[in-house]
Amino acid sequence: MVGRATRPTALASTPGLAPQPQVQFSDDNARVSAVLPTGESLEILLYGATVISWKDKNGDEKLWLSDAAKLDGSKAVRGGIPLVFPVFGTAPDHAATAQLPQHGFARTSRWEFLGKSTSESAPGQAADLSVKLDFGLSSPSLDSETQAKWPYAFNLIYSVTLSRESLTTSLVVTNDDDKPFDCQVLLHTYLRVKDITNVEITGLSSASYVDKVDGAKTKTQSSALTIAGETDRVYTPSTPPSDPVTVLEGGKTAFTVVRDNLSNVVVWNPWTDKAAGMADFAPKDGFKNMLCVEPGAVGTWQTLEPGDAFEGAQTIGIGY
Ligand code: BG6
């Protein structure tokens with residue numbers, strides 16, 4: 001389906017039905033966008049299946065995207081929601097993934113658009129309308145260099161669901177091989193904030209974390225988290241994934257992040273020096289307007305036996 005020369009530019013709704021979400025392709029079919037009749041919208045690159053824009057009904061952007069992000073497939077996107085698979089960071093001591101680049105290959109591979117589905121709880125109730133876009137990536141579609149570095153038969157299905165007040169992204173990994181493989185997954189979400197110095201993150205109190213900017217020491221979060229310098233932490237909350245991690249700005253809820261089957265939350269902000277050192281990070285003071293809250297399964301390896309599947313998801317709710 002992808003790349004079909006005669007693809008319609010819009011998948012139009014059927015006349016007579018209540019207004020439906022619109023799904024469109026652009027940039028030579030390299031981008032998919034969706035708009036709800038109520039105005040919320042979403043934009044996704046097939047490169048990495050990277051969500052690069054999520055706007056609310058007022059057109060306000062909810063994700064941070066670097067002004068210098070490469071959107072042409074030459075580099076992982078700096079911003080939006082890149083997907084991390086099958087390794088978080090690098091794992092030089094884990095033989096099976098040691099050859100892979102930082103954060104794996106899912107964010108730098110071209111995915112296939114599998115289709116859209118819409119739902120509403122009651123006919124004509126636009127308020128409940130949502131649209132789900134599905135993307136797929138499997139071993140045969142990797143370039144030969146990556147296949148050689150990670151020689152496993154796998155299948156990934158990534159679903160992105162836009163609702164009026166939330167965005168859900170869900171990844172299913174299936175082992176199609178006849179041998180087991182280890183993997184890690186992470187949804188590397190760059191949330192847009194107005195002023196990082198005004199942000200407080202709740203829902204992580206009493207969670208243990210690995211502090212990547214302090215020699216990977218294991219610590220315990222004692223209270224709400226504020227960001228006042230480079231922050232790079234891998235949390236393992238003791239509370240259930242359904243308990244939200246909440247991002248407050250000036251005391252008001254800006255985002256709630258609910259996890260499904262993902263036991264970790266990475267919190268990352270590069271602050272001044274790290275941002276200065278990243279060529280694709282712009283503006284250089286953009287760290288003031290972003291906060292990565294990244295649900296994942298990265299503390300250990302998920303070992304998938306032949307035929308087994310692992311599914312993890314996040315739902316990001318917006319506060320007004
Ligand atoms: C975070 C990691 O998830 O991603 C950080 O915890 C890392 O250590 C950051 O710096 C960005 O990674 P990258 O590869 O996109 O520059």
Side-chain angles (χ1 to χ4, degrees), residues 45 47-52 63-94 97-109 146 149 169 171 183-193 196 201 204 207-219 221 225 227 229-237 245 247 257 259 262-284 286-287 289-301 312 314 316:
L45 294 184
Y47 179 72
T50 315
V51 179
I52 55 167
L63 301 175
W64 185 84
L65 179 67
S66 167
D67 290 351
K70 298 284 183 202
L71 304 180
D72 60 359
S74 59
K75 188 181 189 312
V77 176
R78 177 68 60 204
I81 313 181
L83 272 172
V84 171
F85 174 89
V87 59
F88 170 64
T90 54
D93 299 333
H94 185 260
T97 45
Q99 303 305 314
L100 292 177
Q102 159 117 332
H103 291 341
F105 53 74
R107 65 178 182 165
T108 52
S109 298
T146 308
K149 287 178 178 165
T169 78
L171 185 67
C183 64
Q184 297 175 326
V185 306
L186 179 106
L187 309 168
H188 198 308
T189 313
Y190 289 72
L191 299 174
R192 171 172 282 280
V193 298
I196 192 70
I201 303 148
L204 294 170
S208 76
Y209 65 92
V210 174
D211 192 344
K212 290 173 73 176
V213 298
D214 187 14
K217 284 184 195 146
T218 299
K219 303 178 180 176
Q221 185 69 36
L225 170 63
I227 310 286
E230 185 188 351
T231 304
D232 193 356
R233 302 177 176 188
V234 182
Y235 282 90
T236 305
V245 171
V247 178
V257 181
R259 292 164 290 131
L262 295 173
S263 51
N264 302 111
V265 179
V266 175
V267 177
W268 181 61
N269 184 293
W271 214 252
T272 327
D273 293 354
K274 274 272 165 62
M278 287 186 273
D280 62 351
F281 196 103
K284 286 302 168 197
F287 68 88
N289 302 118
M290 56 141 293
L291 174 70
C292 283
V293 176
E294 313 163 25
V298 297
T300 57
W301 293 95
Q314 66 171 348
I316 312 165

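Order of listing sets the numbers, starting from 1, for every ligand and every atom in it. Quick caveat, the model's predicted, so the values are computed rather than measured.
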For the residue pair Trp271 and Phe287, categorise the inter-ring angle as parallel (less than 30°), tilted (30 to 60°) or perpendicular (more than 60°). tilted
Describe, in one word, how the ring planes of Trp301 and His94 are oriented to each other, choosing from parallel (under 30°), tilted (30 to 60°) and perpendicular (over 60°). parallel
Donor-acceptor pair between Gln314 and Thr169 side chains, under 3.5 angstrom: yes
To check your reading of the model: name the closest protein heavy atom to [atom], its residue, and the distance in Å.
atom	answer
atom 5 (C) of ligand 1	Asp232 OD2, 3.1 Å
atom 15 (O) of ligand 1	Arg107 NH1, 2.9 Å
atom 16 (O) of ligand 1	Arg78 NH2, 3.0 Å
atom 9 (C) of ligand 1	Trp268 CE2, 3.6 Å
atom 4 (O) of ligand 1	His188 NE2, 2.8 Å
atom 3 (O) of ligand 1	Glu294 OE1, 2.7 Å

Closest heavy-atom pair, Pro270 versus Glu230, reported as atoms and distance to 0.1 Å, is O-CG, 3.7 Å
Side chain Asn264, main chain Val234, donor-acceptor under 3.5 Å: no
Please confirm whether the backbone N or O of Pro92 pairs with a side-chain atom of Thr90, one donor and one acceptor, at under 3.5 Å? no
Using a heavy-atom cut-off of under 4.0 Å, does the side chain or the backbone of Lys274 touch ligand 1, or both, or neither? neither
Between Trp64 and Phe281, is the ring centroid distance below 6.0 Å? yes
Should Tyr190 be counted as touching ligand 1, given the test is an N or O pair under 3.5 Å? no
Give a yes/no verdict on whether any heavy atom in Arg233 is under 4.0 Å from an atom of ligand 1. no
